[in-house]
Structures are given as structure tokens and as C-alpha cells.
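See structure below.
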Amino acid sequence: MDSVEQLAQRGGPDLTVRRPGPVRHFDRLSQRIVQLKRERNAVILAHNYQVPEIQDVADYVGDSLGLSQQAAQTEAEIIVFCGVHFMAETAKIINPGKKVVLPDLDAGCSLEQSCPSDRLRKFQADRPGLYTIAYINCSAQVKALSDVICTSGNAQRIVEAAPENQDILFVPDENLGAWVTEQTGRPMVLWPGNCYAHVEFTRDSILKIRSSFPQAPVVAHPECTKSVRLLADEICSTEKMIGYCRNSSDRAFIIATESGILHRLKKECPDKEFIPAPTDTCRCNECKYMKRNTLSKLHDCLDSLGPEIQLEPELIERARLPIDRMLRLSA
Ligand code: 13P
Ligand code: SF4
């Protein structure tokens, strides 16, 4: 089938002929977005949790590590970041000379909120000498106070590369931090923060879905609690989930992360079945922040080139050091 991009390049035909109902609106809007993107010399980067129609118009869809690497490589003048605020901030820090826009400026993250920079600064002052590793899910100010950044895709590698003679402070995800300690054997001081969405998965909710699909391995994100991680067959970042499911000989998988990833999984592995892991109260799990971005807001953002991420040059300069260190260690 022609991609939206191919159709837009040819200037037609109208996709509405093939698709009835509400999808009709999305098709026209998608075409317009692709046109605007070209006119503006923009690149659309989207996280794996974005709604399907945004993923389908994006130039790149991936996890936090892949998105940072793409941001570091792009030659486009404008970066339209379809994800949450800290991800767009990271793209701006990597590209201070480019305009970085985000469809909804209120797309936050509970992990970022759990670690205000003034509290971190005070903690570091009270316990000098700590080597601070910050999960990328934090503000630019917290990044500026850190020695190195990590993502769920490279956390093990980053912790293994930390100086052996220094104690490590890991912020702001206690679950990811605990999992990395289990993997590396390296003890760390853990900041008490978590992802409000991933901690909704429970031992009971996973046991229940597993009893309905006993042949399906459980694939979980490391932001899940230990009681869930103990039930998982594989624990990894969202991008590594795609590779794991693609390469596995299993035909069905229980996916314990934000349900937006199912679109990508179904696209990449059309012959396999993906079952969203439920919480105790809902049959799947969505991040209310990731879902603030919509196709219509993406269109308006490309049209007006706003809202824009703006950061002080001194902050960018300081926050860039630990990001660059991460990118070097992940190359
Ligand atoms: P990934 O880097 O694994 O995609 O995770 C990002 C995130 O926000 C998970 O909740
Ligand atoms: Fe933050 Fe959790 Fe949403 Fe990821 S899923 S952006 S960690 S609140």
C-alpha cells in the first residue's frame, strides 16, 4: 500500500475513497501534516507510546535512546517531538541551534515530577562525592546536576562504566535503578520516584492474564515493580521489546508497558499476537501524558511552529555534558 508520504508527494489521490467513517478525517490531516513537514524542513520524531496515527506520519518511531540518537543526527531545521516534555527538552539540548516543538507542552512525566532539581541539589550537598546517574526521564535542570544520563535501553552499560571508587546516586526511578542493581551487582542509592503508569501493573493482574494465555511469554518494562519483574520472561526498553518479539519463535506475547507500543509491534510482527497486560482496574495501561499529543495538535504545531521548547544557553551547556557522555558510551 502507498504510504501517506508517497501519496502526499504525488499530490493525491484522496485517501478518503478507500476508508469510510472517522478515519477519513485522519487521512486528510495526515496528508496535510506530511506536506507541512516538507515545507518547513521538519523531522517528526515519535515515541513508541504515541497514538497510531502519529506513529504513522513520523519519520522515526522509537525509544528514548533511539530518539536521542536521531535528534543528534538530524539535518532538519525543525524537530517536531511527539513524546513528552523531557524528551523534547533533550532534543533541544542536543540541538541548541534548532527549533524544537512539542504538540502539547503539558505532556509531562511522573518521574520527572518526582525529582525537583532543588531537592536533588540539596541531597548532593548533604552527601558530597556521589556519582549521579540520571534516567533520561528528568528535567533539564536535573540533567545539569548529573554526571551521566541513561535510558532503559543502556542503563546497564552506563552503570557498568561508572567509576568504581565512587558511590552511585541513581535518580529518579527506584524500579529501574533496582533492576539495574540486580543485573550489574552494583549497589546504588535510589531516589524514591516511579512511573505512575507502570506501577499500576501488579503481581495479581499479571498472574491473571498469564493464566488466560499460558503459552505467551511476559515482556515487561524495567519501570515495573519487582513483583511484576519477577514474573517476566524478558525485561527491556520499548525498542528492545520489538526486537525480542520479532526474533522469538513464540507466537503470542503479554506486553507489560504502555499500550501504545502495540501498534508498532503489530506493524513489525503482523503474524504474531500481542496481549496488553492489564492493571487491577483496566484491561490495558495508557500514559495520560503521552496521550496528550493528538494528530490535530501535531498539525497545529507544524502549522504555527509552536509551542516551542526554550532553555537558557547556560543550562543547555551544562545539561549537554552528561547527555554527550551517554551518547558516547552507547555508540
Ligand atoms: P523507553 O526508553 O524504554 O521507550 O521508555 C520511555 C518511557 O517513558 C517509559 O515509560
Ligand atoms: Fe513518564 Fe511513565 Fe509516562 Fe513514561 S509512561 S512518560 S515514565 S509517566
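Start at 1 and go down the list; that is how both ligands and their atoms are numbered.
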What atoms in ligand 1 come closer than 4.0 Å to a heavy atom of [X]?
{"X": "Asn137", "answer": "7 (C), 8 (O)"}
{"X": "Ser237", "answer": "3 (O)"}
{"X": "His47", "answer": "1 (P), 4 (O), 5 (O), 6 (C)"}
{"X": "Tyr49", "answer": "7 (C), 9 (C), 10 (O)"}

Stepwise side-chain contact (heavy atoms from CB on, under 4.5 Å) check, Ser330 with Leu65: CA-CA 9 Å; Ser330 313; Leu65 178 59; 4.1 Å; yes
Part of Ser152 with heavy atoms under 4.0 Å of ligand 1, whether side chain, backbone, both or neither: side chain
Check each heavy atom of His198 against ligand 1 and say whether those closer than 4.0 Å belong to the side chain, the backbone, both or neither.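 For His198, the contact with ligand 1 is made by the side chain alone.
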Taking N or O atoms only and a 3.5 Å limit, does Asp63 qualify as a polar contact for ligand 1? no
With respect to Thr151, determine whether any N or O atom, backbone or side chain, lies less than 3.5 Å from an N or O atom of ligand 1. no
Note: [X]-[Y] ion pair, threshold 4.0 Å (strictly below):
{"X": "Arg264", "Y": "Glu239", "result": "yes"}
{"X": "Lys291", "Y": "Glu258", "result": "yes"}
{"X": "Asp271", "Y": "Arg251", "result": "yes"}
{"X": "Asp167", "Y": "Arg127", "result": "no"}

Do other residues, nucleotides or ligands put more than 12 heavy atoms under 6.0 Å from the CZ atom of Arg203? no
So with a 6.0 Å cut-off around NZ of Lys267, is the heavy-atom count from everything else above 12? yes
Does any donor atom in the side chain of [X] or [Y] lie under 3.5 Å from an acceptor atom in the other side chain?
{"X": "Glu286", "Y": "Tyr49", "value": "no"}
{"X": "Thr279", "Y": "Asn285", "value": "no"}
{"X": "Asp204", "Y": "Thr202", "value": "no"}
{"X": "Asp250", "Y": "Gln215", "value": "no"}

Report the protein N/O/S neighbours of atom 2 (Fe) of ligand 2 that fall below 2.8 Å; do not count waters.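 Per the 2.8 Å query on atom 2 (Fe) of ligand 2, atoms found are Cys195 SG.
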In residues 73-92, what donor-acceptor pairs under 3.5 Å come from side-chain atoms, sequence neighbours left out?
{"residue": "Thr74", "atom": "OG1", "partner": "Ala76", "partner atom": "N", "Å": "3.1"}
{"residue": "Glu77", "atom": "OE2", "partner": "Asn41", "partner atom": "ND2", "Å": "3.0"}
{"residue": "Glu89", "atom": "OE1", "partner": "Ala140", "partner atom": "N", "Å": "2.8"}
{"residue": "Thr90", "atom": "OG1", "partner": "Phe86", "partner atom": "O", "Å": "2.7"}
{"residue": "Lys92", "atom": "NZ", "partner": "Pro96", "partner atom": "O", "Å": "3.1"}
{"residue": "Lys92", "atom": "NZ", "partner": "Lys98", "partner atom": "O", "Å": "2.7"}

Counting non-hydrogen protein atoms only, what is the nearest one to [atom]? Give residue, atom name and distance.
{"atom": "atom 10 (O) of ligand 1", "answer": "Glu223 OE1, 2.9 Å"}
{"atom": "atom 5 (O) of ligand 1", "answer": "His221 NE2, 3.3 Å"}
{"atom": "atom 2 (O) of ligand 1", "answer": "Ser64 OG, 2.9 Å"}

I'd like to know if Glu239 contacts ligand 1, where contact means a heavy-atom distance under 4.0 Å to any ligand atom. no
